[in-house]
2 protein chains.
Amino acid sequence: MSETPAAEAKPGTTCAVIDIWEVLGKRWSLLIIKNLRTKETIRFNELKRALSGISSTVLSERLLELEREGLVTKKIYPEVPPRVEYSLTAQAKELEVIIKELAHWVGRWKRPQSVAQTVTKKEEPSSTTAS
Amino acid sequence: MSETPAAEAKPGTTCAVIDIWEVLGKRWSLLIIKNLRTKETIRFNELKRALSGISSTVLSERLLELEREGLVTKKIYPEVPPRVEYSLTAQAKELEVIIKELAHWVGRWKRPQSVAQTVTKKEEPSSTTAS
DNA sequence: CCGTATCCCCTCCGATACTG
DNA sequence: CAGTATCGGAGGGGATACGG
């Protein structure tokens, strides 16, 4: 019945969706995925340049989180000037489809909304009081 | 090609998806929608009781945001003990489908992930030895 | 080139108290 | 019952400096 049957410490972690949502909800996460999509592989500074404004700290952090979630693969080339390439996993490519649907959904409903409706009558809400 | 062509002030606001994502990414938002789904209409304190741990402040705030996004409708009954009923809009019901897909996606890939792969030799002869 | 360590600010969230 | 006002703590994110 209640939405917090277990894990009382973190009330927002009831279903698994919220888990991934919290990761993806963080700043830059979605943008990183979007940029990763433009190429098969992207290097760290290349990505950083594309996301102008992001700091190395945060980019590294997001990349690590996305890697832990299995959305990004990291390839380290032990060369003299270090080279690391990032790319999307198959899992992330599937996620993209859902994001696209979400984008479509957003576009379909893009418009100003009403604020609130005050019911003057004492009647059942089934009869729409939109006048 | 760059991801921040306009709106330099907010780098995370490139596409509309991120906009709704930021609202839904906030704590309790998803849970609120989930609870709203169990009934057609729910009252404020009823909802607050279901989401044990949330404060009136935050619940009110979330509800207002969701209303602004057009996901929730608010009906005010000017009675002696005030009565306000919240319910999902058609738009939110459509969103639910997408969330369900996301949930399915999460379930399909639920498993431990690798950490990182270091390329020791050969493979990928791309000339990227620029210093 | 690819990050980590540190500091600081600023927003978010919870708790409490109070009003219509 | 249904909120708003205010305060204070915690954590995310940016800037800078430094290491491998």
Side-chain angles (χ1 to χ4, degrees), chain A residues 4 8-13 18 21-32 41-67 72 74-86 115-119, chain B residues 4 8-13 18 21-32 41-67 72-87 115-119 126-131:
Chain A
T4 55
E8 265 71 19
K10 293 198 64 181
T13 321
I18 293 177
W21 204 276
E22 280 182 3
V23 174
L24 262 37
K26 289 190 177 182
R27 199 174 194 185
W28 298 109
S29 295
L30 235 45
L31 257 344
I32 289 173
T41 63
I42 301 189
R43 299 180 62 174
F44 188 85
N45 278 338
E46 193 181 353
L47 191 56
K48 188 184 175 185
R49 218 170 297 118
L51 301 166
S52 70
I54 196 172
S55 63
S56 302
T57 316
V58 176
L59 178 55
S60 173
E61 197 175 302
R62 286 299 99 82
L63 248 14
L64 218 61
E65 291 167 2
L66 292 174
E67 191 189 0
V72 164
K74 184 179 183 178
K75 272 194 179 176
I76 306 171
Y77 295 85
E79 301 174 358
V80 184
R83 181 160 62 105
V84 181
E85 292 184 346
Y86 296 91
V115 186
Q117 20 181 336
T118 305
V119 179
Chain B
T4 55
E8 266 71 18
K10 293 198 67 182
T13 321
I18 293 176
W21 205 277
E22 280 180 4
V23 174
L24 263 36
K26 288 189 178 183
R27 202 174 191 184
W28 298 109
S29 294
L30 235 45
L31 256 348
I32 289 173
T41 64
I42 301 189
R43 301 179 62 172
F44 188 85
N45 279 337
E46 192 181 354
L47 192 53
K48 187 184 174 187
R49 221 170 295 116
L51 301 166
S52 68
I54 197 171
S55 62
S56 303
T57 316
V58 176
L59 179 55
S60 174
E61 196 175 304
R62 285 301 97 83
L63 248 15
L64 219 61
E65 291 166 1
L66 292 174
E67 190 189 2
V72 164
T73 6
K74 185 178 181 177
K75 275 196 176 172
I76 306 171
Y77 296 84
E79 302 175 358
V80 184
R83 181 159 61 107
V84 181
E85 292 184 346
Y86 295 92
S87 56
V115 186
Q117 25 183 329
T118 305
V119 180
S126 53
S127 55
T128 322
T129 328
S131 55

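Each chain gets a letter, A, B and so on, in the order the sequences are listed, and its residues count up from 1. What you see is a predicted model, and the numbers here were worked out from it, not measured in a lab.
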Is there a side-chain contact (heavy atoms from CB on, under 4.5 Å) between A/Tyr86 and A/Leu63? Walk through the geometry before answering. CA-CA 9 Å; A/Tyr86 296 91; A/Leu63 248 14; 3.6 Å; yes
With a non-hydrogen cut-off below 4.0 angstrom, is A/Lys26 in contact with a base, only sugar-phosphate, or nothing? sugar-phosphate
For B/Lys74, which contact category applies under a 4.0 Å heavy-atom criterion: base, sugar-phosphate, or nothing? sugar-phosphate
Rounding to an integer number of Å, can you tell me how far [X] [atom1] sits from [N] [atom2]?
X	N	atom1	atom2	result
A/Leu30	D/dG13	CG	P	13 Å
B/Glu22	D/dG13	CD	P	10 Å
A/Leu64	D/dG13	CG	C1'	16 Å
A/Leu51	D/dG13	CG	P	14 Å
A/Glu61	D/dG13	CD	P	7 Å
A/Ile76	C/dC1	CD1	P	17 Å
B/Leu59	C/dC12	CG	C1'	16 Å
A/Glu65	D/dG13	CD	C1'	11 Å

Got a second to check how far A/Lys74's NZ is from A/Leu64's CG, nearest 0.5 Å? 6.0 Å
At under 4.0 Å, does any side-chain N or O of [X] touch on OP1 or OP2 of [N]?
X	N	value
A/Tyr86	C/dG3	yes
A/Arg62	D/dG13	yes
B/Arg43	D/dA2	yes

Taking side-chain hydrogen bond (donor to acceptor under 3.5 Å, both in side chains) as the test, write out the residues that go with A/Lys48, two or more places apart. A/Ser56
Taking only residues two or more places apart in sequence, or in another chain, which ones meet B/Lys26 in a salt bridge (charged side-chain N to carboxylate O under 4.0 Å, His left out)? B/Glu65
Counterpart residues, salt bridge (charged side-chain N to carboxylate O under 4.0 Å, His left out), relative to B/Glu61 (two or more places apart): none
Overall bend of the helix from C/dC1-D/dG20 to C/dG20-D/dC1 (five pairs an end, 10° steps) is 40°
Does A/Ile54 form a side-chain contact (heavy atoms from CB on, under 4.5 Å) with A/Leu47? I'd like the steps, not just the answer. CA-CA 10 Å; A/Ile54 196 172; A/Leu47 191 56; over 6 Å; no
Yes or no on side-chain contact (heavy atoms from CB on, under 4.5 Å) for A/Tyr77 and A/Val84, after CA distance, side-chain angles and deciding distance? CA-CA 6 Å; A/Tyr77 295 85; A/Val84 181; over 6 Å; no
Check every atom of D/dG13, D/dA2, C/dC13 against the side chain of A/Trp28 and return the nucleotide holding the closest atom. D/dG13
Sorted by chain and number, sequence neighbours left out, side-chain contact (heavy atoms from CB on, under 4.5 Å) with B/Ser55 holds for B/Thr57, B/Val58
Could you list all N or O pairs between the protein and nucleotides 15-20 of chain D that sit under 3.5 Å apart?
{"unit_1": "D/dA15", "atom_1": "N6", "unit_2": "A/Thr57", "atom_2": "OG1", "d": "3.4"}

Distance-only donor-acceptor check, side chains B/Thr73 and B/Ser87, under 3.5 Å: yes
